[in-house]
Amino acid sequence: MDAKLEEKIYKERLVIAPFWWRVGAYLVDLLLICFLAWDLHPYLPLHSVFLRFLCAFVAVHVVYESLSMLGFASSVGKLVFHLRVLDFKSLDKPLFAARLRRYLLKELLLFYPLGYFFRDKFGRTFYDRHAQTFTIVSK
């Protein structure tokens with residue numbers, strides 16, 4: 001499978017997204033989610049400020065990822081850094097099932113997939129490998 005991916009990347013002249021661009025896109029997304037969660041946390045009926053913020057953060061993060069997955073197949077951070085997620089087979093926007101699998105693995109494993117980034121030749125994380133997607137720099 002890696003040989004096929006390498007051939008497709010070479011033929012289409014795609015540029016694999018650098019690690020720090022992916023981290024930057026993720027940090028932009030987290031910053032936006034933190035601002036939204038901070039604005040919404042006073043409206044939750046919990047006693048502890050930290051618990052209110054944590055619940056608001058998780059809720060906003062789930063809604064944000066769901067909407068960006070369904071609507072654009074790209075988050076605001078990826079748009080800022082000009083990154084796109086492509087399907088391995090079609091080299092187009094991933095199908096809904098692949099986006100859902102990628103999203104669920106990303107949310108369940110949180111930061112662990114970043115460790116897997118260094119083991120793959122194409123810079124794919126754990127959830128990218130299992131959803132059969134990869135991230136490129138868009139033109």
Side-chain angles (χ1 to χ4, degrees):
M1 185 158 99
D2 285 346
K4 289 181 183 179
L5 180 59
E6 186 172 11
E7 182 181 336
K8 285 183 179 186
I9 289 171
Y10 180 73
K11 281 184 180 178
E12 298 291 327
R13 296 183 182 177
L14 300 174
V15 178
I16 299 294
F19 174 72
W20 292 110
W21 287 22
R22 291 181 68 150
V23 169
Y26 191 70
L27 291 176
V28 167
D29 289 338
L30 282 182
L31 185 66
L32 179 64
I33 291 167
C34 284
F35 283 145
L36 290 173
W38 187 255
D39 284 344
L40 294 176
H41 92 276
Y43 301 110
L44 294 176
L46 298 171
H47 182 65
S48 169
V49 174
F50 176 73
L51 189 60
R52 282 193 313 224
F53 178 74
L54 186 64
C55 290
F57 179 81
V58 169
V60 169
H61 197 224
V62 167
V63 169
Y64 175 78
E65 288 288 336
S66 300
L67 290 177
S68 66
M69 178 189 70
L70 290 173
F72 309 113
S74 184
S75 64
V76 173
K78 286 186 182 72
L79 292 174
V80 168
F81 281 85
H82 302 287
L83 302 178
R84 283 184 60 199
V85 177
L86 297 180
D87 186 39
F88 169 71
K89 295 176 184 169
S90 66
L91 295 181
D92 198 19
K93 184 170 82 170
L95 298 173
F96 179 73
R99 286 184 283 173
L100 184 63
R101 187 178 315 122
R102 186 177 190 272
Y103 164 68
L104 289 175
L105 286 172
K106 183 178 177 181
E107 294 306 312
L108 289 175
L109 300 174
L110 200 57
F111 291 109
Y112 172 72
L114 292 178
Y116 202 77
F117 178 84
F118 296 108
R119 296 186 190 158
D120 190 25
K121 180 179 181 181
F122 305 105
R124 292 179 296 172
T125 54
F126 178 77
Y127 51 86
D128 278 332
R129 284 187 68 100
H130 290 286
Q132 295 186 347
T133 59
F134 59 99
T135 306
I136 64 162
V137 177
S138 62
K139 298 173 184 175

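Because the structure is predicted, anything quoted here is derived from the model rather than measured. Numbering starts at 1 and runs along the sequence shown. Every heavy atom of this structure was used, including side-chain atoms; hydrogens, water molecules and symmetry mates were not.
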Subject >> Criterion side-chain contact (heavy atoms from CB on, under 4.5 Å) on Leu40 and Arg52, from CA distance to verdict >> reply: CA-CA 9 Å; Leu40 294 176; Arg52 282 193 313 224; over 6 Å; no
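- Nearest heavy-atom pair across Gly77 and Asp29 is N-OD1, 2.7 Å.
- Classification of the Phe53-His41 ring pair by plane angle, with boundaries at 30° and 60°, yields perpendicular.
- Rounded to the nearest 0.5 angstrom, Leu91 CG and Leu14 CG are separated by 6.0 Å.
- Shown here are the side chain to side chain contact (heavy atoms under 4.5 Å, CB included) partners of Leu36, two or more places apart in sequence or in another chain: Leu32, Val60.
- Taking CZ of Phe88 as the reference point, atom CZ of Phe134 lies at 8.0 Å (rounded to 0.5 Å).
- Residues Glu6 and Lys121 approach most closely at OE1-NZ, 2.9 Å, considering heavy atoms.
- For the pair Val137 and Pro18, the minimum side-chain heavy-atom distance is below 4.5 Å.
- With a 4.5 Å cut-off on side-chain heavy atoms, Thr135 and Trp21 do not count as touching.
- Using a 3.5 Å distance cut-off with no hydrogens or angles, the side chains of Asp87 and Thr133 do not pair a donor with an acceptor.
- Pairing each heavy atom of Cys55 with each of Leu44, the nearest pair is CB-CD1, 4.0 Å.
- Residues Cys34 and Phe57 approach most closely at SG-CE1, 3.8 Å, considering heavy atoms.
- The CD1 atom of Ile136 lies 9.0 Å from the CD1 atom of Ile9; values are rounded to the nearest 0.5 Å.
- Remark: of the listed residues Ser138, Ser68, Ser74, Ser74 is the sole one forming a side-chain contact (heavy atoms from CB on, under 4.5 Å) with Leu79.
- Lys8 places no side-chain N or O within donor-acceptor distance of the main-chain N or O of Ala3, the cut-off being under 3.5 Å.
- Counting all heavy atoms, side chain and backbone alike, Ala17 lies closest to Leu83 at CB-CD2, 3.6 Å.
- Taking both residues in full, the closest heavy atoms of His61 and Ile33 are given as CD2-CD1, 2.8 Å, listed atom of the first, atom of the second, then distance.
- Here the CG atom belonging to Leu86 is positioned 5.0 Å from the CZ atom belonging to Arg84, to the nearest 0.5 angstrom.
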